[in-house]
Amino acid sequence: RRRLTRAFRRFYLTYICCLYCKKNAVSPKLMAIDEEEDKEEWILKETERRKRVRDRAEKIIHTYLSSANWKVQGDPGKLSNGQAEFSDEELEMATDEVPIVFSRAQSAREVLSRRSNQGKLTQSELRSLSLVQLTAQQASEGELPLVDEDTLSLNSFFPTSSADTDFDKKKRTMLERMFAVDHAVRHGRLRKHATPAALAALDEEQGGTRGHEPAADADEHGLAQSRKKPRALVIEGAALAHMLGDPELEELLFAVASCSDSVIACRVSPKQKALLVNLVRTYVVPEPITLAIGDGANDVGMIQEAHVGVGISGKEGQQAVNASDFAIAQFRFLEELLLIHGRWSILRQSTVVLFSFYKNAVMAGCLIVFSRQVFYSGTPLFDEWLIAMLNFVAAAPIAFLGFFDRCLEKDYVREHPEVYAPGRRNETITFRILVRWVILVFIHIFTIYYYTVPTQSFGGGITSAFSGLMHNDERDVPGNGEGGDLKTVGTVSFTCLIILLGYKVLYESYSLIHGWWPALFTCCLKNVKEEGFFNRFAYTWVGVIFLSYGFYWFGLYVYMLLGRAGAGAFSQFVDTPIHVFHMRSMTWMLLMLVPTMGMVFDVAGKVYSNMFFPTQTQIHVEIAAKEGKKDRQGDLDDGGGDDDDDDLKLSVE
């Protein structure tokens, strides 16, 4: 029926509607029909594929029920009228007995037994009626299907959550929907967004009496909560040889693996390791970020198949290290690589990427705004060699931020692993964060342009001069304070831009490395020799003051001196820095006011965001700062015997 409807609609739009409608109005409707047809074909293919998997599962179970293994392990007396009836204990997949395969590793048996007795094994989040549970509980040899088609839909392979029903998204305010960056605030997952039923359940849980265990209520599929025990899948390479390569068996294997807390594949070949990683990448939607870690040549295929490969340098050679993205010396370093350095890296890279686009967008925006002033003739506001200097001058501060910036210290991150969540949710460079930076780009463009160009144009370029800036001129003579020409205006505007970029890097940095000045001499002291010069170097201030501002002014005067050497490409900039910085008081007023005015908008937006819509990272930063302040206050209260050592510590804010 749907095909006939689409055929009639397509015929009407193609041969009838085109007689009195424009072709541009008919084309989108025809494209919508084609998309609808493609979507329906995809759904039919997925349904057919799931049916094949279901039929394969039924066939496997029927074969097993009729095999000698079932006759030995099962009780054939319970099979009557082709229907198998089992008790909950017999159908329980997670038992306290350790699989036979663990007899090959007695240490693994002892570890699992000890952790099980201590209650340290994590409880799995059951999938909604997994394929294996269905085939085990609804096994039959009659005409009734083993598995319900609706249950075998694509959604049955993903965990269900009641979070969507516990919160009312209508309780979100307009600012929370538009301005908030935090995932919980944006999606309405705070306590104030919870439904009355969820609040009542939470209060009841918090006010419950200790010592009374909650009843094992049945979940939405009728499975008791008490049956949700830890599960593990152990499979050998010989079994994988029959499964991997067959799409239906691979999907069955994934359905079983997705119900388990852990999957152990033993005695597998290098190719099978790579295929297991590819199995996860294929059947998990959306595709997750996979990581593989190995220490030998047999792990190379697995490492290359995963998104992120980690190699361990050890006794088995360097093949895994050479094929990996990251190399570590021991397996225990993986935790710090992911949770500490990985978290720092995503925060640093996000800021560096956003700042790199920001600085070029502000510079290009000023040129675009100025193009209207010159009737779109292509005349740039800034000197062409100054434009070429931008990425060199602004590189050092943001590079040091990308090397050393850290919002939280290692100890705090280890104690609060939840701070790793924003990185997994990609909250550091979301669309809303990008919109904030784009808005800031326009604000800074208009601030730099309209506070520098109009104020120096025409009569505004004639500034008063005073002693100290008027070299070799009399006090009664107005002197050489004019500045309405293009080179002067452009140089002042570009200098304001460079200063603003330095302020922006300082404001985006969580850690300002003050170091100890002078680092070259203080590192030679007896009690700080182990730190060395590079550990006491003030990277933040050296990068901003010397490598950015200092290098910029050095480049200006070198540019001027090259122009004095003779006629050439540099001649147009002769004595421009002397005229701009030595003889005009307005230049210094603009250099102080314009970058500060640009940062006022940035600071106001950040303060408002942190006060009313803070991210989880910002909240933990404030908590860590308060804890650090209490620790320092406690050290002062205990005594001041170590004042000399404290004064020599590296100061990092």
Engineer: Which atom pair, heavy atoms only, marks the closest approach of Thr428 to Ser350?
Structural biologist: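 Shortest heavy-atom contact: OG1-OG, 2.9 Å.
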Engineer: Students often mix this up, so state it plainly: with edges at 30° and 60°, are the rings of Tyr358 and Phe355 parallel, tilted or perpendicular?
Structural biologist: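 Geometry flag for Phe355 against Tyr358: tilted rings.
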Engineer: Under a 4.5 Å cut-off applied to non-hydrogen side-chain atoms, are Arg348 and Phe404 in contact?
Structural biologist: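 Answer no - side chains too far apart.
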Engineer: Can you find a heavy atom in the side chain of Val621 that is under 4.5 Å from one in the side chain of Leu408?
Structural biologist: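 In short, these two side chains touch, coming nearer than 4.5 Å.
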Engineer: Provide the closest heavy-atom pair for Val505 versus Leu401 in the form atom of the first, atom of the second, distance.
Structural biologist: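 Nearest heavy atoms, Val505 then Leu401: O-CD1, 3.9 Å.
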Engineer: Using a 3.5 Å distance criterion without hydrogens, assess whether the side chain of Asn278 forms a donor-acceptor pair with backbone atoms of Ala274.
Structural biologist: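 Not at all, since once roles are kept as given, no pair shorter than 3.5 Å links the two residues.
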Engineer: Give the intermediate values and the outcome of side-chain contact (heavy atoms from CB on, under 4.5 Å) for residues Leu240 and Leu275.
Structural biologist: CA-CA 10 Å; Leu240 289 175; Leu275 291 176; over 6 Å; no
Engineer: Can you check whether Ile235 reaches Leu253 side chain to side chain, under 4.5 Å on heavy atoms?
Structural biologist: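 Yes; the side chains approach each other to less than 4.5 Å.
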Engineer: Let's go through Arg425 and Thr430 carefully: what are the C-alpha distance in whole Å and the side-chain angles of both, what is the deciding distance for side chain to side chain donor-acceptor pair (under 3.5 Å) to 0.1 Å, and is it a yes or a no?
Structural biologist: CA-CA 9 Å; Arg425 292 195 293 259; Thr430 60; over 6 Å; no
Engineer: Evaluate Arg414 against Glu336 for salt bridge (charged side-chain N to carboxylate O under 4.0 Å, His left out), listing each step before the verdict.
Structural biologist: CA-CA 9 Å; Arg414 290 193 182 99; Glu336 188 166 332; 3.1 Å; yes
Engineer: Is it the case that Lys504 places NZ or CZ above or below the six-membered ring of Trp437, under 6.0 angstrom from the centre and within 45 degrees of the axis?
Structural biologist: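 Cation-pi check for Lys504 and Trp437: passes.
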Engineer: Closest approach of Ala257 and Val263, non-hydrogen atoms and distance?
Structural biologist: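 Minimum heavy-atom separation between Ala257 and Val263: CB-CG2, 3.8 Å.
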Engineer: Answer yes or no: are there more than 12 heavy-atom neighbours, outside Arg424 itself, under 6.0 Å from its atom CZ?
Structural biologist: no
Engineer: Checking the side chain of Asp405 only, and the main-chain atoms of Tyr510 only, is there a donor and an acceptor separated by less than 3.5 Å?
Structural biologist: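 It does hold such a pair.
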Engineer: How far does CZ of Phe254 sit from CE of Met243, to the nearest 0.5 angstrom?
Structural biologist: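 Atom-to-atom, Phe254:CZ and Met243:CE are 14.5 Å apart.
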Engineer: Show, in sequence, the C-alpha distance, side-chain angles and deciding distance for Glu250 and Tyr283, and conclude whether the side-chain contact (heavy atoms from CB on, under 4.5 Å) test is met.
Structural biologist: CA-CA 9 Å; Glu250 284 184 353; Tyr283 291 102; 3.6 Å; yes
Engineer: Are Leu434 and Ile429 close enough that some pair of their side-chain heavy atoms sits under 4.5 Å apart?
Structural biologist: no
Engineer: Would Cys407 and Thr617 satisfy side-chain contact (heavy atoms from CB on, under 4.5 Å), going step by step from the backbone distance to the final call?
Structural biologist: CA-CA 8 Å; Cys407 59; Thr617 302; 3.9 Å; yes
Engineer: Sub-3.5 Å donor-acceptor pair from the side chain of Ser509 to the main-chain atoms of Ser511, do we have one?
Structural biologist: no
Engineer: Count the heavy atoms belonging to other residues, nucleotides or ligands that lie under 6.0 Å from CZ of Phe333, then report whether that count exceeds 12.
Structural biologist: yes
Engineer: If you measure from CD1 on Ile328 to CD1 on Ile312, what distance do you get to the nearest 0.5 Å?
Structural biologist: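 Atom-to-atom, Ile328:CD1 and Ile312:CD1 are 5.0 Å apart.
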Engineer: Taking atom CG of Leu233 and atom CG of Asp261, what is their separation to the nearest 0.5 Å?
Structural biologist: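 Separation between the atoms: 11.5 Å.
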Engineer: Gln272 side chain to Ser269 main-chain N or O, any donor-acceptor pair under 3.5 Å?
Structural biologist: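 Yes, Gln272 side chain to Ser269 backbone: donor-acceptor pair under 3.5 Å.
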Engineer: Is a side-chain donor-acceptor pair under 3.5 Å present for Ser262 with Arg231?
Structural biologist: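 Distance-only check fails for Arg231 and Ser262.
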Engineer: Is a side-chain N or O of Arg267 found less than 3.5 angstrom from the main chain of Glu236, in a donor-acceptor match?
Structural biologist: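 Here the side-chain-to-backbone pair does not exist.
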Engineer: Between Ile293 and Leu334, is a side-chain contact (heavy atoms from CB on, under 4.5 Å) present by the stated rule, with each step listed?
Structural biologist: CA-CA 9 Å; Ile293 180 171; Leu334 180 63; 4.0 Å; yes
Engineer: Once rounded to the nearest 0.5 Å, what's the spacing between atom CZ of Phe403 and atom CD1 of Ile398?
Structural biologist: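 Phe403 CZ to Ile398 CD1: 10.5 Å, rounded to 0.5 Å.
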Engineer: Taking the side chain from Thr290 and the backbone from His307, do they hold a donor-acceptor pair closer than 3.5 Å?
Structural biologist: yes
Engineer: Do you know which two heavy atoms are closest between Gly543 and Ala396, and how far apart they sit?
Structural biologist: O-CB, 4.0 Å
Engineer: Kindly say whether Glu305 contributes a backbone atom to a donor-acceptor pair with the side chain of Arg281 at under 3.5 angstrom?
Structural biologist: yes
Engineer: With the side chain counted from C-beta on, respond yes when Lys271 and Leu244 share a heavy-atom pair under 4.5 Å apart, and no when they do not.
Structural biologist: no
Engineer: Going through the distances and angles, do Arg52 and Asp55 end up as a salt bridge (charged side-chain N to carboxylate O under 4.0 Å, His left out)?
Structural biologist: CA-CA 5 Å; Arg52 290 196 303 268; Asp55 296 338; over 6 Å; no
Engineer: Between Glu409 and Arg406, is the salt bridge (charged side-chain N to carboxylate O under 4.0 Å, His left out) condition met? List the steps.
Structural biologist: CA-CA 7 Å; Glu409 296 298 327; Arg406 57 179 70 174; 3.2 Å; yes
Engineer: If you take all heavy atoms of Ala320 and Asp295, which pair is closest and at what distance?
Structural biologist: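 Looks like CB-C, 3.8 Å.
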Engineer: Keeping the roles fixed (side chain from Ser324, backbone from Val321), state whether a donor-acceptor pair exists under 3.5 Å.
Structural biologist: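 Checking the backbone N and O of Val321 against the side chain of Ser324, a donor-acceptor pair under 3.5 Å is found.
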Engineer: To check you understand the geometry: which heavy-atom pair defines the closest contact between Ser258 and Ala255, and what is its length?
Structural biologist: OG-O, 2.9 Å
Engineer: Quick check against the 3.5 Å criterion: does Asn298 have a side-chain atom that pairs as donor or acceptor with the backbone of Pro270?
Structural biologist: no
Engineer: Got Ile60 and Leu252 here, is their nearest side-chain heavy-atom distance under 4.5 Å?
Structural biologist: yes
Engineer: Are the side chains of Leu347 and Arg343 in contact, using a 4.5 Å heavy-atom criterion?
Structural biologist: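 Answer yes - side chains close enough.
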Engineer: Donor-acceptor pair, distance only, cut-off 3.5 Å: does the side chain of Thr615 make one with the backbone of Gln618?
Structural biologist: yes
Engineer: Out of curiosity, Lys59 NZ to Glu248 CD, how far, rounded to the nearest 0.5 Å?
Structural biologist: 9.5 Å
Engineer: To the nearest 0.5 Å, tell me how far Ser345 OG sits from Leu338 CG.
Structural biologist: 11.5 Å
